[in-house]
Each structure stands twice: as C-alpha cells, then as structure tokens.
Amino acid sequence: MAYESIEYAVANRIATITLNRPDTLNALTEGMLKELSDAVKQAERDQSVRVLILTGRGRGFCSGQDLKALGDHPTPEAIGQHLARRYHPLIARLATLEKPTIAMVNGVAAGAGMSLALACDLRVAAVEARFTQAFVRVGLVPDSGSSYFLPRLVGYARALEMAMTGMTVESETALAWGLVNRVVPAERLAEETYKLAEALAAGPPLALGMIKREIAYGASHALVEALEREKDFQMTAAATQDHREAVAAFLAKRPAVFEGR
Ligand code: T3D
C-alpha cells in the first residue's frame with residue numbers, strides 16, 4: 001500500500017510511523033487511519049522489526065479526528081461505525097502488538113490523537129508537547145481507548161478532570177502525573193527516543209512481548225490470577241534460547257545477543 005498521509009521507515013530493527021499532515025497538526029482522516037492500520041500490521045508481520053515508534057511531522061503529534069471530515073459520517077450511527085471500523089482495530093492492534101511501542105510526542109496530542117499516544121507502551125515527550133482530551137470541547141466523549149488507558153495511567157480523579165474539562169496538560173505535569181515516561185528538549189527528542197528504542201530492540205523479543213501481555217493482564221486481574229499468569233509466562237520464557245543465551249552471557253561476562261527464539 002502506498003502511503004500519502006503517513007511515512008513508514010525501518011532502520012536498525014526499529015519501525016517508525018510518522019503522521020504527515022502537519023498543516024492540520026496531523027488530524028486523522030479516513031485515509032490516514034487506513035494507512036496507519038496498514039503500517040502497524042507491517043511492523044507486526046516484519047520479523048526484523050523489534051520496536052515501533054509513532055510520531056508526528058511538524059509542530060503537532062496528532063490533533064485527533066479531522067473535524068473538517070466529520071461530514072463524511074454525519075449520523076450518530078455512522079460515527080459509531082467509523083469508530084468500530086477504523087479506530088477500534090487500530091487501537092487494539094497497537095496495544096496488543098507483541099513488540100514495544102513508543103509514542104515520540106513532538107507536540108500537541110488532542111482527542112483521538114491523545115488516545116493514540118496512550119495506546120503505545122511508552123511515551124517520550126518534547127518539552128513543547130501537551131495533552132488534551134479535546135472531545136468535550138466539541139461536545140463528545142472520550143473514545144479510541146482514552147477511557148481505558150487514561151485512568152490507568154493517571155488515576156481516576158485526574159482522568160475525570162481531563163475528560164470533563166478538556167484542560168491542556170503541559171509536558172512537565174504529564175511527567176509528574178505518569179502520563180509520559182520522559183520529557184526532553186525538542187532538539188534531543190529523536191536522539192533520546194531512538195536510544196530507548198535501540199535498548200529495547202537489543203532485548204529478548206519473546207520476553208518483551210510476554211512482559212507486555214503480563215503487565216496488561218496484571219493490571220486488570222486479581223492477584224491469584226496474575227500469579228498464575230506469571231508462572232505460565234515464566235515457564236515459556238525459561239524454555240527460550242534467549243534465556244539460555246542471557247545466562248551464558250552473564251557468566252561469560254559478555255553482552256547477550258538475542259535472536260527471538
Ligand atoms: O467521527 C468520529 O469518528 C468521531 C471521533 C472523534 C474523535 C476525536 O478525536 S474528537 C476530537 C477532535 N479533535 C479536536 O477537537 C482538537 C481540535 N484542535 C484543537 O483544539 C487545536 O487545534 C489544538 C489544541 C490541537 C492545537 O491548537 P493550536 O492553537 O496549537 O493550533 P490551531 O491554530 O488550533 O491549529 C492549527 C491548524 O490545524 C489550524 O488550521 P489553519 O487555521 O491553520 O488552516 C486548525 O484548523 C488545524 N486543526 C487542528 N486540529 C484539527 C485541525 N483541522 C482539522 N481537524 C482537527 N482536529
């Protein structure tokens with residue numbers, strides 16, 4: 001599939017998706033959502049890709065649904081179908097991708113654009129980045145996973161405040177609230193994000209995929225169930241060549257080389 005409103009590149013085992021409609025702060029159109037889904041699938045299928053980075057071109061990360069394209073789905077039913085057909089599979093695929101994902105938040109993340117950032121595993125933000133649950137400002141409610149991820153990240157009260165007021169949360173507050181993992185000056189955003197991505201890309205891929213599933217499971221299950229799940233995953237991890245390699249490397253005082261088997 002040829003892309004018009006995103007860019008997709010792979011280098012050093014890291015796939016980067018760049019939203020590329022800078023004039024609208026990368027507002028999401030039907031075409032862009034299709035391309036984005038296709039690119040995430042590519043990153044999923046490509047065995048050489050170990051980490052996925054999502055970012056935006058220009059001064060915005062993503063301003064959410066393109067409000068000028070709202071007329072494409074003018075009835076409540078059409079909006080519901082649009083969410084179910086375009087947003088839900090994309091958010092679910094991102095969140096369950098068995099590879100680490102990083103949102104490199106270069107600027108404002110609003111509405112469903114903020115949801116996209118939240119659906120990634122980690123968020124590295126530029127000082128200029130800001131976050132707003134803009135939905136309420138256009139008389140809508142959080143969608144695309146914001147109601148799920150936001151309270152888990154920042155807690156119930158802060159999630160409600162953001163969702164109900166549409167307030168803008170600046171990067172430093174986002175860091176203090178646990179909304180982002182790191183805040184760095186804009187000129188170091190790419191360097192710091194790729195350093196983190198490279199460290200993850202050098203890790204044991206099967207274990208990383210299981211860690212992602214394990215933490216998600218633990219966040220929504222009882223302790224006894226989480227303990228059982230940990231045991232199952234640990235047995236699977238212990239059976240991998242990567243585990244044997246890591247122990248051998250430790251004993252030989254050399255870096256481990258993980259092959260994902
Ligand atoms: O139908 C469905 O599927 C329903 C799903 C809904 C999901 C949603 O995401 S609803 C929420 C949609 N998003 C918004 O409501 C955010 C709208 N944008 C803003 O509030 C502000 O633009 C920002 C807070 C994001 C940034 O403000 P600022 O002052 O930095 O920039 P700006 O001047 O407002 O925007 C710059 C340009 O981007 C401007 O275009 P212009 O005047 O230079 O030609 C603006 O119109 C455009 N733009 C920004 N956001 C959108 C947009 N164009 C279309 N859609 C946008 N969402």
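First listed ligand is number 1; within each ligand, the first listed atom is number 1.
Taking every heavy atom of Arg137 and a limit of under 4.0 angstrom, the matching atoms of ligand 1 come to 20 (O). The ligand atoms of ligand 1 that sit less than 4.0 angstrom from a heavy atom of Thr24 are 38 (O), 47 (C), 48 (N), 49 (C), 50 (N), 51 (C), 52 (C), 53 (N). For ligand 1, the atoms closer than 4.0 angstrom to any heavy atom of Gly64 are 9 (O). Close approach of ligand 1 to Leu70 is summarised as follows: ligand atoms under 4.0 Å from at least one heavy atom of the residue are 1 (O). Numbered from 1 in the order shown, with element, the atoms of ligand 1 that lie under 4.0 Å from a heavy atom of Ala134 read 14 (C), 15 (O), 16 (C). Atoms of ligand 1 found under 4.0 Å from any heavy atom of Phe135 (numbered from 1 in listed order, with element): 7 (C), 8 (C), 9 (O), 10 (S).
Looking at ligand 1, you'll find an N or O of Gln65 within less than 3.5 Å of one of its N or O atoms. At a 3.5 angstrom cut-off on N or O pairs, Gly111 does not count as close to ligand 1. Considering backbone and side-chain N/O of Thr132, none are found under 3.5 Å from N/O of ligand 1. Below 3.5 Å of separation, one finds an N or O of Leu67 facing an N or O of ligand 1.
Scanning the protein for heavy atoms near atom 33 (O) of ligand 1, the closest one is Arg59 NH2, 4.0 Å. Here the heavy atom of the protein found nearest to atom 1 (O) of ligand 1 is His73 CE1, 2.5 Å. Among protein heavy atoms, the minimum distance from atom 44 (O) of ligand 1 is reached at Lys68 NZ, 4.5 Å. The single protein non-hydrogen atom nearest to atom 4 (C) of ligand 1 is Ile79 CG2, 3.8 Å, given as residue, atom name and distance. Of all protein heavy atoms, the one lying nearest to atom 26 (C) of ligand 1 is Leu25 CD1, 3.5 Å. Of the protein's non-hydrogen atoms, Asp143 OD2, 3.3 Å is the one closest to atom 5 (C) of ligand 1. The shortest contact between atom 40 (O) of ligand 1 and any protein heavy atom is with Asp23 O, 4.0 Å.
Residue contacts with ligand 1: Arg86 is excluded, as none of its non-hydrogen atoms falls under 4.0 Å.
For atom 18 (N) of ligand 1, the nearest protein heavy atom lies 4.0 Å or farther away. When distances from atom 36 (C) of ligand 1 to the protein are checked, a heavy atom turns up under 4.0 Å. The presence of a protein heavy atom under 4.0 Å from atom 13 (N) of ligand 1 is confirmed. Protein heavy atoms all stay at least 4.0 Å away from atom 21 (C) of ligand 1.
Considering Arg21, Glu35, Arg57 in turn, Glu35 is the only one that fulfils the side-chain hydrogen bond (donor to acceptor under 3.5 Å, both in side chains) rule with Ser5.
For Leu28, no heavy-atom contact with ligand 1 is shorter than 4.0 Å. Contacts of Ser63 with ligand 1, taken as heavy-atom pairs under 4.0 Å, involve both backbone and side chain. Proximity of Thr168 to ligand 1, defined as any heavy-atom pair under 4.0 Å, is not found for any part of the residue. Of the heavy atoms in Arg130, only side-chain atoms (C-beta onward) come closer than 4.0 Å to ligand 1. Using a 4.0 Å cut-off between heavy atoms, His82 contacts ligand 1 through its side chain alone, with no backbone atom that close.
Both cation-pi conditions hold for Arg152 and Tyr148: the charged atom is under 6.0 angstrom from the six-membered ring centre and inside a 45 degree cone around its axis.
Under 3.5 Å, the side chains of Thr18 and Asn20 contain no donor-acceptor pair of N or O atoms. Counted by atom type alone, Gln65 and Tyr87 present one or more donor-acceptor pairs between their side chains at under 3.5 Å.
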